[in-house]
Amino acid sequence: MTLPRRRLVIVVRADPVICGHSGEARNLAEVALTRGFDDVRLLTWPIPALQAAGLPLKPLDRLLPYSPGITVERPEPVGDYRVPDGRHQAGLTGRLVELLAEPVPTTCLSMYLVPHTAVVVDAVAAARAAGLAPTVHTVAKAVGSDVTNVIRSCLREGRFGAATVLFSTFLANDEVVAVSEYTREEIVAAAEQVDANCGTTFAEQCRRRVTVSYPPIDSAAFLDPDPAEVDAALARRGLERDGYVLFLSRVARAKGIYDLLIAFGQMRCRSRVKLVVAGTGPALEHVQAMAKEDDRVVFLTDVDDQEKPLLMRGCAAYALPTKPEPDFVETFGIALAEKALAGGGPIITTTTGGTAEAVGDTAVIVEPGDIAGLAAAVDRVVLDMPAAERQDLERRARARAMTFDRAAVFDDLFPEEALVAGVG
């Protein structure tokens, strides 16, 4: 058997899950093939397990293929029904041990701390305890909601034992990174609370060790979409250029969808533009029920990765009025950067969490939860904003979003690999 020369393993919730880090994993994997890795593997969950979890999923028959050299592995659970949740994690951990047993220099990246970072740490410890002596370098990335949801819930409920395990596992990696500066600050603040209650020293370690690695985006998939393809996509959906305000994200309260729907009912521009809600999520059925009497609201639940930039390019405005909720805070806003790359109407959003890091001064900003302000902002963009101002926002937004191109992010996250490949 011929073994690869270098291997990258990413433990993540991969496609078909609709979430930022599944896209991050895909983009890092694709760049890795150009940086000296001849074997790239995504270790993820069986699709029935993802479906059972109630996660929003892309249409299974329209998933984009990965390049040759990238393998998506979905290990079967270990054990039977008497091990209800640990079976899948055991399958992931066991498969990673098998990969580490091969004499191949390996980099392991875990995205989303629970349980993916534990999979990597446990697998490396098991391989070493078994005397396998793997050549392995581990990187753990906090992608956002693992901090604002998992860590915060531990602190809110006083479950400091669970928080201690989480921080110990995170810091056991060779490198620890956060998806944004906001996320890094949240990690440090949470560590300070754990330290105050448990006498630990997590905060000092996090301040010293945690760096920021922004989400990698495949800019080529969004830049300069073919105008004919844009028009064809809109025609299939019964839409016209600049004839709709677009919300394309997970349909959840924290994304501001309720505020946007209420605001749309108050907008002067609603006679000129429709509101297109593209996506799925926990609030979808409720929002559909709220809008069932409004024929100016259109729901699209089957948008795939190829159609997404076309809808973004054709809209009169893109609105993501995200707001902080107990279970979720927007820690970057990948869709904002994708929209900036695609062009089209201005972005309207808030400065919740890390969104300011995504858009800088290139978007129209409203206060979270300010429904009247949101309606006024959309009206100004659609009805009153001069063409020159729209073009200036579009140009500057695209330039900022290009800094998140996947190749640049990969080379910053793995600088040694970039040097080996002769980059930079």
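Numbering of residues begins at 1 and proceeds along the displayed sequence. These numbers were taken from a predicted model, which means no experiment stands behind them.
- Using a 4.5 Å heavy-atom threshold, the side chains of L341 and I217 count as touching.
- The pair R236-E307 does not count as a salt bridge, with every side-chain nitrogen at least 4.0 angstrom from each carboxylate oxygen.
- To the nearest 0.5 Å, atoms CG (L28) and CG (L413) are separated by 6.5 Å.
- Looking at D361 and R400, no side-chain N of the basic residue comes within less than 4.0 Å of a carboxylate O on the acidic one, giving no salt bridge.
- Taking 4.0 Å as the cut-off between side-chain N and carboxylate O, R35 and D411 count as a salt-bridged pair.
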Inset, instruction - Walk me through it: do R95 and E73 pass the test side-chain contact (heavy atoms from CB on, under 4.5 Å)? - result: CA-CA 9 Å; R95 179 58 183 141; E73 295 201 44; 2.6 Å; yes

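- Judged by the 6.0 Å and 45° rule, R152 forms no cation-pi pair with F328.
- For the pair K274 and D294, the salt-bridge criterion is not met [side-chain N within less than 4.0 Å of a carboxylate O].
- How far CD1 of I371 is from CZ of F264: 14.5 Å, rounded to the nearest 0.5 Å.
- With F37 as the aromatic partner, R7 does not meet the cation-pi criteria of under 6.0 angstrom to the ring centre and within 45 degrees of the ring axis.
- A salt bridge does not link R6 to D38: none of the charged side-chain nitrogens sits closer than 4.0 Å to a carboxylate oxygen.
- The structure places CD of E330 at 10.0 Å from OG1 of T183, a figure rounded to the nearest 0.5 Å.
- Looking at E394 and R390, no side-chain N of the basic residue comes within less than 4.0 Å of a carboxylate O on the acidic one, giving no salt bridge.
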Inset, instruction - Determine, stepwise, if the pair E76 / H88 fulfils side-chain hydrogen bond (donor to acceptor under 3.5 Å, both in side chains). - result: CA-CA 7 Å; E76 290 299 314; H88 290 96; over 6 Å; no

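- Both the sub-6.0 Å distance and the 45° axial angle are satisfied by R13 relative to the ring of Y112.
- Ring centers of F404 and F332: under 6.0 Å apart, within the cut-off.
- Between atom CG of residue L234 and atom CG of residue L239 there is a gap of 6.0 Å, rounded to the nearest 0.5 Å.
- With respect to R268 and D384, a salt bridge is recorded, a charged nitrogen being found less than 4.0 Å from a carboxylate O.
- The residues E389 and R380 are annotated as salt-bridged, a charged nitrogen and a carboxylate oxygen being separated by less than 4.0 angstrom.
- Of the charged side-chain nitrogens involved, at least one lies within less than 4.0 Å of a carboxylate oxygen, so that R41 and D39 count as a salt-bridged pair.
- Salt-bridge check for R396 with D392: passed, with a basic side-chain N closer than 4.0 Å to an acidic carboxylate O.
- Using a 4.0 Å cut-off between charged nitrogen and carboxylate oxygen, R406 and E24 do not count as a salt-bridge pair.
- In this structure, the separation between OG1 on T352 and CD on E325 is 9.5 Å, given to the nearest 0.5 Å.
- Salt-bridge check for R26 with D15: passed, with a basic side-chain N closer than 4.0 Å to an acidic carboxylate O.
- Note that OG1 of T164 and CZ of R159 are 12.5 Å apart. Values are rounded to the nearest 0.5 Å.
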